[in-house]
**Student:** 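Please find one structure pasted underneath; my questions will follow.
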Amino acid sequence: MAESPTTRHSLLLRIRDREDGDAWADFVSIYAPLVYGLARRQGLQDADAADLTQDVLRVVVRAAPRFAYDPGRGTFRGWLFTVARNRARRRALECRRQVAGSGSDAVQKALECHPAPEEEGPWWEREYEARLFEWAADNVRDCFRPATWQAFWQTAVEGREPSAVAAELGLSLGAIYIARSRVLARVREQARRLQESDVPSLGGGG
C-alpha cells in the first residue's frame, strides 16, 4: 500500500511558491468554495460571488510569500475568514446602494442583496471541516485497495449498513469494520497535518 505524499501536510507553506501548481490546486479546492459560499450568504449573486472569490484568492497570492508557521499567532483560516467577510460585506453594501435608484424592480433587487442574518463564523467552521474531510479523503484514496475504500466510503460517508456492504463486497463484517477504521484513521491524520500547519494571521481584515 502506497504512502500519501509527506509534503501534503505543509500545503499552506508550499503555496508561498507560486509555481507549485499542485499546492495551489489543493488550496483552491479547499478554500475557494468557502469564500464563494460566504459571499452567497452575504446576499451576493453568483457572478458577484465568483468575482469576489477571485479577488480574495488574489489577496492570498500576494500575501503567501510572507506565510510562516507560528501556532501562537492565530490561524490562516481565521485571517482568510476576516478578509473574505469584510470584502463580501462591502460588496453587498455596494450592491444595495446601486439598486436604491435602479428603477421599478429596486425593491426585489435589494431583497436579493440582503445579507443572511445568521452569524457566519460557525458556518465557516462547519464548511471548512467538510471541505477538509473531502480533501483529505481524496488524497489518501489511492493508498487503499478499491474494496477497502468502498467499505469505508459506503459505511462511514454514505451511511449504509455494514452487513449490506459486506455482502455486496464479498467481505466479512469484521473486515468491513477494520477497513473503515483504517481509512478513517488515515483521513483524520491527513486532515490533522494540514490543520497543524495552518499558518498565522498576517494582520488586517482585507
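These numbers come from a predicted model, not from an experiment.
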**Student:** With distance as the sole criterion, is a donor-acceptor pair present between the side chains of Q154 and E158 under 3.5 Å?
**Tutor:**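 Side chains of Q154 and E158: no pair found under 3.5 Å.
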
**Student:** Which distance, rounded to the nearest 0.5 Å, do you find between the CD of Q42 and the CG of L52?
**Tutor:** 9.5 Å

**Student:** Decide yes or no for V35 and W124: does some side-chain heavy atom of the first lie under 4.5 Å from some side-chain heavy atom of the second?
**Tutor:** yes

**Student:** Nearest 0.5 Å, what's the CG-CG distance between N139 and D26?
**Tutor:** 5.0 Å

**Student:** Can you see which heavy atom on R180 is nearest to which on P162, and at what distance?
**Tutor:** NH1-CG, 4.4 Å

**Student:** Within this structure, what is the OG1-CZ distance for the pair T82 and R87, rounded to the nearest 0.5 Å?
**Tutor:** 12.5 Å

**Student:** Determine, stepwise, if the pair E168 / Q150 fulfils side-chain contact (heavy atoms from CB on, under 4.5 Å).
**Tutor:** CA-CA 10 Å; E168 187 175 289; Q150 286 301 320; over 6 Å; no

**Student:** Give, for atom CZ of F76 and atom CH2 of W79, the distance between the pair rounded to the nearest 0.5 Å.
**Tutor:**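 Rounded to the nearest 0.5 Å, the CZ-CH2 separation comes out at 5.5 Å.
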
**Student:** Given side chains that start at C-beta, do those of F81 and E120 come closer than 4.5 Å, heavy atoms only?
**Tutor:** yes

**Student:** On a heavy-atom basis, which atom in A88 and which in A39 lie closest, and how many Å separate them?
**Tutor:** CB-CA, 4.2 Å

**Student:** Say whether, by atom type as modelled, one donor and one acceptor occur between the side chain of T148 and the main chain of F144 under 3.5 angstrom.
**Tutor:** no

**Student:** Measure the spacing between CZ of R16 and CG of L13 and express it to the nearest 0.5 Å.
**Tutor:**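 Those atoms lie 5.0 Å apart.
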
**Student:** Who else is in the cluster with I176 when I, L, V, M, F, W and Y are joined by side-chain contacts under 4.5 Å?
**Tutor:** V165, L169, L171

**Student:** Knowing that exactly one of V28, V61, V60 qualifies, which makes a side chain to side chain contact (heavy atoms under 4.5 Å, CB included) with I15?
**Tutor:** V60

**Student:** Does the pair V140 and F152 meet the rule for a side-chain contact (heavy atoms from CB on, under 4.5 Å), with working shown?
**Tutor:** CA-CA 12 Å; V140 304; F152 154 74; over 6 Å; no

**Student:** Before we go on, tell me: are the rings of Y31 and Y36 under 6.0 Å apart, centre to centre?
**Tutor:**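 Y31 vs Y36: aromatic centres not under 6.0 Å.
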
**Student:** Minimum heavy-atom separation for L34 and W123, please, with both atom names.
**Tutor:** O-CH2, 3.6 Å

**Student:** Starting at CD of Q190, measure out to SG of C143 and round the result to the nearest 0.5 Å.
**Tutor:** 8.0 Å

**Student:** Between R141 and V183, is any pair of side-chain heavy atoms under 4.5 Å apart?
**Tutor:** no

**Student:** When you measure from the side chain of R89 to the backbone of N86, do you find a donor-acceptor pair of N or O atoms at a distance under 3.5 Å?
**Tutor:** no

**Student:** Which atom names give the shortest non-hydrogen contact between W153 and A137, and what distance separates them?
**Tutor:** CZ3-CB, 4.3 Å

**Student:** For residues R91 and D48, report the shortest heavy-atom separation together with the two atoms involved.
**Tutor:**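 For R91 and D48, the tightest heavy-atom pair comes out as NH1-O, 3.6 Å.
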
**Student:** Return yes if some donor-acceptor pair links the side-chain N/O of S181 with the main-chain N/O of Y177 below 3.5 Å, else return no.
**Tutor:** no

**Student:** Using atom types as modelled and distance alone, determine if a side-chain donor or acceptor of R131 lies under 3.5 Å from a backbone N or O of S29.
**Tutor:**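 Yes; at least one donor-acceptor contact below 3.5 Å.
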
**Student:** Assess whether atom CZ of R188 is packed by more than 12 heavy atoms of other residues, nucleotides or ligands within 6.0 Å.
**Tutor:** no

**Student:** Does a side-chain heavy-atom distance below 4.5 Å link F133 with V157?
**Tutor:** yes

**Student:** Charged N to carboxylate O under 4.0 angstrom, D46 versus R40?
**Tutor:** no

**Student:** May I ask you to establish whether R77 and Y128 are in a cation-pi arrangement, using a distance under 6.0 Å from NZ or CZ to the six-membered ring centre and at most 45° from the ring axis?
**Tutor:** yes

**Student:** Any ion pair linking E189 and R186 (charged N to carboxylate O, less than 4.0 Å)?
**Tutor:** no

